[in-house]
2 protein chains.
Amino acid sequence: MSDLVTRLRRHQWRMTPQRRVIAETLDGAHVHYTADEILERACERMPELSRATVYNTLNELVALGEVLELNFDGRSKRYDPNVDHEHHHLICDGCGATKDVHTVADPLDWLPGDERHGFAVAKASITFRGRCPECREAR
Amino acid sequence: MSDLVTRLRRHQWRMTPQRRVIAETLDGAHVHYTADEILERACERMPELSRATVYNTLNELVALGEVLELNFDGRSKRYDPNVDHEHHHLICDGCGATKDVHTVADPLDWLPGDERHGFAVAKASITFRGRCPECREAR
DNA sequence: ATCCTAGCTTAGACTTCGTCTAATGAAAGA
DNA sequence: TCTTTCATTAGACGAAGTCTAAGCTAGGAT
């Protein structure tokens, strides 16, 4: 049983087979999939699942705060179920693969007061970019 | 004369009236425009300018390393001509305003080796999020 | 100055990613 | 079990960006 599904119960979310499959697909992921990758994988278990339901469900999960929506390349969004722990992202410039990473301290402290332009600054996240092992060879 | 245009000369770039107008529009911007905002402003000086040329030119500027392509909202890309100085971005969660900011050190050093997953990590940028002075009041 | 050619520009078709619609289906409380 | 309300579906639609093929032009060669 997926941990994400358990959390969703607490939101009084109507549990349907489609939503269960989508949530479990997301939760089992070690990388952050795009909506279409989630559709593709979920369809292995439920072939009649529609694209609209995947998009609807992902948007609801984001609204509930149970999943993070990421966008680094300006193309497709990626979904990150790991919302509990503060983390940052490492992205492959070759294939767009996205991994969670952890840093040694909080980057918020790195922005001096005179660089804050009167903003109430609440969050800071770091995007690391490079090439993954596969794309390093492929070059 | 735009500083960006001067730099482009050094890349042996064929200078056309279209490219000049686009580069000057970009370079004069104090905020980071989307491609369509650039098209709109450039068309005030050159009404027959085509959308394809704006996109082509922006992509070439990015490839030449003279302009940064930004994407924070997963919608349209924004273009940042301020490529000379290492900087990061501060974004208002209320209105989406984007400002350049500077930090005290390089975040690349903050990613431990055992968090690099075999990637060749080349760059790191920080996105700070908060509320700008106007949006703090408006709440 | 003019010619030539590589490479630029253009309109509009096309692609990709995502949203919307309206009809049908099903979860879960009464 | 019934009923209501919400979820699901296929496909149309929309926004952002890319591609294509035809014509045009910047700038070096003569």
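What you see is a predicted model; the values in this text were computed from it and never measured. Numbers restart at 1 for each chain; the letters A, B, ... are given by sequence-line order, proteins then strands.
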Below 4.0 Å: OP1/OP2 of dC8(C) and any side-chain N or O of Arg19(B): yes

Specify the residue among Asn56(B) and Gly74(B) whose closest nucleotide of DNA chain C lies further upstream toward the 5′ end. Asn56(B)

Using the six-membered ring wherever Trp is involved, compare the ring planes of His89(B) and His32(B) and label them parallel, tilted or perpendicular (cut-offs 30° and 60°). perpendicular

Separation of atom CG in Leu61(A) from atom C1' in dA7(D), rounded to whole Å: 14 Å

Classify the side chain of Arg14(B) versus the base of dC8(C) as yes if they form a donor-acceptor pair under 3.5 Å and no if they do not. no

Remember a base hit wins even if backbone is also touched, and classify Thr16(A) as base, sugar-phosphate or nothing at under 4.0 Å, heavy atoms. sugar-phosphate

Heavy atoms of other groups near Glu48(B) CD, more than 12 under 6.0 Å: yes

Closest approach to the side chain of Met15(A), judged atom by atom: which nucleotide of dT10(C), dA28(C), dT18(D) is it? dA28(C)

Counterpart residues, side chain to side chain contact (heavy atoms under 4.5 Å, CB included), relative to Arg75(A) (two or more places apart): Asp73(A)

Write down the distance between CG (Leu49(B)) and P (dG12(C)), rounded to a whole number of angstrom. 15 Å

Indicate whether OP1 or OP2 belonging to dG27(D) is found under 4.0 Å from a side-chain N or O atom of Gln12(B). no

Between Glu48(A) (CD) and dA7(D) (P), how many Å, whole number? 18 Å

In this structure, how many angstroms lie between the C1' atom of dA27(C) and the CH2 atom of Trp13(A), rounded? 13 Å

Test for a donor-acceptor pair under 3.5 Å between the base of dG17(D) and the side chain of Arg51(B), counting only N and O atoms. yes

So which one's nearest nucleotide on DNA chain D is more toward 5', Pro17(A) or Lys77(B)? Pro17(A)

Using whole Å, what does the distance between atom P of nucleotide dC17(C) and atom CD of Glu69(A) come to? 15 Å

Please tabulate, for side-chain N and O atoms in residues 35-43 of chain B, each donor-acceptor pair with protein atoms closer than 3.5 Å (sequence neighbours left out).
residue: Glu37(B); atom: OE1; partner: Thr34(B); partner atom: N; Å: 2.9
residue: Arg41(B); atom: NE; partner: Tyr33(B); partner atom: OH; Å: 3.1
residue: Arg41(B); atom: NH1; partner: Glu37(B); partner atom: O; Å: 3.3

